[in-house]
Amino acid sequence: MRFSQAFIYTLRENPQDAEVISHKLMARAGMIDKLAAGIYTYLPLGWRSIEKLCAIVREEMARAGSVELAMPCVQPAELWQESGRWFAYGKELLRLKDRHDREFCFGPTHEEVITDVVRRRVNSYRQLPVNLFQIQTKFRDEIRPRFGLMRGREFLMKDAYSFHGSYESLDEAYRAMEQAYRRIFERCGLSFTAVEADTGNIGGSESHEFMVLAETGEDAVVACTCGYGANVEKAEAGPLPRAPQWPGHAPENPQAVHTPGLTSVPEVAAFLGLLPAHFIKTMVVETDKEFAVALVRGDDELNEVKLKNALGATHLQLASAEKVQKVTKATVGFAGPLGLSGVRVVADPEVMRLNLAATGANRDDFHWVGVVPGRDFTPDLIADIRLVRGGDPCPRCGKPLEMKRGIEVGHIFKLGTKYSKPMRCTYLDEKGQEQPMIMGCYGLGIGRTVAAAVEQNHDEEGIIWPLPLAPYAVELLNVNPDVPAVAEVSERLYGELVAAGVDVLYDDRDERGGVKFKDADLIGFPLRVVVGKKGVEQGHVEISLRRDKSRRTVGIAEASGRVRELLAQGEVR
RNA sequence: CGGGGCGUAGCUCAGCCUGGUAGAGCACACGGUUCGGGACCGUGUGGUCGGAGGUUCAAAUCCUCUCGCCCCGACCA
């Protein structure tokens, strides 16, 4: 392809709305163009990288035994009502009506459709397992899209779904998908980690996320040298040290103390000469079905996802000040578990391990001290609802956990019968018994993976594409288009490279050398062939690598062969 | 949805506080000089200042409403 024909428009400055590096660079390199919040055009250059990733994904999915199909974007409401998600999915589901006032949605994911496809064809254990995938545009009406392709509302996703007659069969497919994902991200040259994850509103019993490690990642993960890794939402800690001894002599019974205007644990702790770890932090939350009260130790933070799961809720948020007042009869900051009625109280195990504690008195400007969990109050539920911190002991080996940030590029789930049961996707087993199929689903963010690759591979000049994702592997750069000899060598070399099947972009523009070099660095072609006046006079051209900036001079006649060698030898990454 | 901020030329921004002729750089067109790391000089094209209403002799500027976008939180591939 010739640059002059390729519809490439680079930007000299960062677009005003770009925040993260991948967004800035992809916009400047002329790869993406924003149409509306979270909705992007993939310009020709960006689309080439997307397509390269798609090709890798297709190869690896095929290797893992998955078969490609394409499902509709627009889906009838009935299917979603059958699965129960029409109501559960909430506002992220973009709902539409057709001219007959029939309800549809733009698919944010395709469990319902694929389940419908399979249930209408598969009736026997003999037809199982089935594994299907597609690469397709999804729409999720995210509350806050941001960071370019990292969190769009409209985005490309590879989604695969598997159907099984046994959990052993599901395990097998799950492992095959995990391997496929590992191969995909390895082939893209990404540094990633697979961690245990919460299943969110997709549902199911077990799931893993694939995280590309990056400072700008939106997710926090914990990792241990022993191999344990988990999203913080899911992460557990091993046995924790107990709270330090209660200072001074212990009160026999809870005593109310006056704590005027002190509403935060650190403030009250300092005022009473106690440590935050001696406190029971009490938070009122509101779920889709009830108000509830969560208790964690004063130096811990609440993990809302764990609490949501413990309560069996689909949505959860901290209650507003007025609602806190209603539940506790006190202003925010003085809530405690003693004497509460009409709400479920969930306590973290660390709270129950406190010998003595201090906590809010549900009365303005008062706290209790000398509270004994289990004696002075009894929670309705004891569950791990604590947010793991860096340095906590690993639940497997006890070594300190490390906290990292990552970009979630893939997520695989064991769904079990979450969709097959309500949607009656069943088969007859060997004994002629009707059974719901056991399902798995496997998502991979295409655009997000490409953006993650940019996050991990760039410098001050621009993108440094890993070879497999580069829009073009090679740029042929004609420094002096107005010098006939240089133009002639460039054209000839371009012809040779094209004939040899090299993925090359030829910068034939009538621009100064500097402009071309800047653009080449910004876009980040892994390999560059520079044809200039001096070189041509001496019978050679220059080949350089974007990643390490190394240059080598080769004879004009050998250039095309040398390029092919470099690409084939894996010297370019 | 809560909190903060921004909408002025294709892009990045100044002007707004203190109302009175709409600006710069880049890009684009033409001419000239330049030509291996985003050249220089000259000339030129391009704007209903996001939209609606109001105040005023006069509004990009002040007020009200509205739409869009960005950042921080809840959601997620």
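It should be emphasised that the depicted structure is a prediction, and the values quoted were computed from it without experimental measurement. Per chain, numbering begins at 1; letters A, B, ... match sequence-line order.
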Length of the CG-P vector between A:D141 and B:A77, whole Å: 16 Å
Nearest-0.5 Å distance, CD1 of residue A:I21 to CG of residue A:N14: 7.0 Å
Nearest 0.5 Å, what's the CD1-CD1 distance between A:I56 and A:I446? 10.0 Å
Where the side chain of A:V515 is defined as all heavy atoms beyond and including C-beta, which of B:G38, B:A77, B:C75 is the nearest nucleotide? B:G38
Do side-chain atoms of A:K323 reach the backbone of A:F291 as a donor and acceptor pair under 3.5 angstrom? no
Kindly point out which of B:A77, B:C6, B:C71 is positioned nearest to the side chain of A:F147? B:C71
Using the C1' atoms only, state how far B:G54 lies from B:G15, rounded to an integer number of Å. 24 Å
Just checking A:G152: base, sugar-phosphate only, or nothing, at a heavy-atom cut-off of under 4.0 Å? base
Under a 3.5 Å cut-off for both distances, is B:G7 Watson-Crick or wobble paired, and to whom? B:C67
Report yes if at least one side-chain N or O of A:N480 is closer than 4.0 Å to OP1 or OP2 of B:G36; otherwise report no. yes
Which nucleotide wins on minimum distance to the side chain of A:R28, given the candidates B:G38, B:G36, B:C76? B:G38
What's touching nucleotides 40-42 of chain B from the protein side, N or O pairs under 3.5 Å?
none

Once you round to the nearest 0.5 Å, how far does CZ of A:F517 lie from CZ of A:R512? 12.5 Å
Please report, rounded to the nearest Å, how far the P atom of B:G38 is from the CD1 atom of A:I523. 17 Å
Partner of B:C1 by Watson-Crick or G-U wobble geometry, both contacts under 3.5 Å, or none? B:G73
Of the options B:A77, B:G38, B:C69, whose atoms approach the side-chain atoms of A:D519 most closely? B:G38
Is there any protein nitrogen or oxygen under 3.5 Å from a nitrogen or oxygen in nucleotides 24-34 of chain B, and what are the pairs?
from, atom 1, to, atom 2, distance (Å)
B:U34, O2, A:R512, NH1, 2.6

What contact category does A:G532 fall into here, base, sugar-phosphate, or nothing, at under 4.0 angstrom with non-hydrogen atoms? base
A:F139 and A:F106 aromatic ring geometry - parallel, tilted or perpendicular at 30°/60° bounds: perpendicular
For the aromatic rings, using the six-membered ring if either is Trp, is the centroid distance between A:F525 and A:W465 under 6.0 Å? no
B:C62: pairing nucleotide in any strand, Watson-Crick or G-U under 3.5 angstrom: B:G54
In whole Å, what is the span from the CD atom of A:E233 to the P atom of B:C75? 7 Å
Base-pairing assignment for B:A22 (Watson-Crick or G-U wobble, both under 3.5 Å): none
What does B:A29 pair with, Watson-Crick or G-U, if both distances are under 3.5 Å? B:U43
What does A:D219 touch in the nucleic acid at a heavy-atom separation under 4.0 angstrom: a base, only the sugar-phosphate, or nothing? base
What is the distance from NZ of A:K91 to P of B:G2, rounded to the nearest Å? 10 Å
Can the ring centroids of A:Y40 and A:H23 be said to lie less than 6.0 angstrom from one another? yes
Grab the CG-C1' distance between A:N231 and B:A77 for me, whole Å please. 13 Å
Looking at B:G38, B:C71, B:U12, which one has an atom nearest to any side-chain atom of A:R146? B:C71
Pairwise P distance for B:C17 and B:C35, with rounding to whole Å: 49 Å
Find the partner of B:C16: check Watson-Crick (N1-N3 plus N6-O4 or O6-N4) and G-U wobble (N1-O2, O6-N3) distances, both under 3.5 Å, and reply none if neither fits. none
Nearest-Å distance for atom pair CD/P, residues A:E19 and B:C69: 17 Å
Salt-bridge contact A:K418-A:E111 (side-chain N to carboxylate O under 4.0 Å): no
Rounding to a whole Å, what distance do you find between A:E142:CD and B:A77:P? 9 Å
Residues A:K306 and A:E236 bridged, charged N to O under 4.0 Å: no
Where the side chain of A:F155 is defined as all heavy atoms beyond and including C-beta, which of B:A77, B:C76, B:C35 is the nearest nucleotide? B:A77
Single hit among A:R144, A:R151, A:R405 for salt bridge (Lys or Arg N to Asp or Glu O under 4.0 Å) with A:E218: A:R151
A:R140 CZ to B:C75 P: how many Å, rounded? 14 Å
Hey, are the side chains of A:Y42 and A:M31 touching, using non-hydrogen atoms and a 4.5 Å cut-off? no
Out of B:C70, B:G38, B:A77, minimum distance to the side chain of A:A37 belongs to B:C70
Quick one: does A:R448 reach the base of B:C76 with a side-chain donor-acceptor pair under 3.5 Å? yes
Ring centroids of A:F517 and B:G38 base under 5.5 Å with planes under 30°: no
Does A:K534 reach a base, just sugar-phosphate, or nothing at all? Heavy atoms under 4.0 Å. nothing
Look through every strand shown and name the nucleotide pairing with B:G38 as Watson-Crick or G-U wobble, where both distances are under 3.5 Å. none
Closest to the A:R144 side chain: B:C72, B:C75, B:C13? B:C72
Checking contacts here: which listed nucleotide (B:G36, B:C13, B:C75) is nearest the side-chain heavy atoms of A:V530? B:G36
Ranking B:G38, B:U12, B:C35 by distance to the side chain of A:K518, first place goes to B:G38
Can the ring centroids of A:F413 and A:H411 be said to lie less than 6.0 angstrom from one another? yes
Cation-pi between A:R2 and A:Y506: NZ/CZ under 6.0 Å from ring centre and within 45° of the ring axis? no
Which part of the nucleic acid, if any, lies within reach of A:V409 when heavy atoms closer than 4.0 Å are counted: base, sugar-phosphate only, or nothing? sugar-phosphate
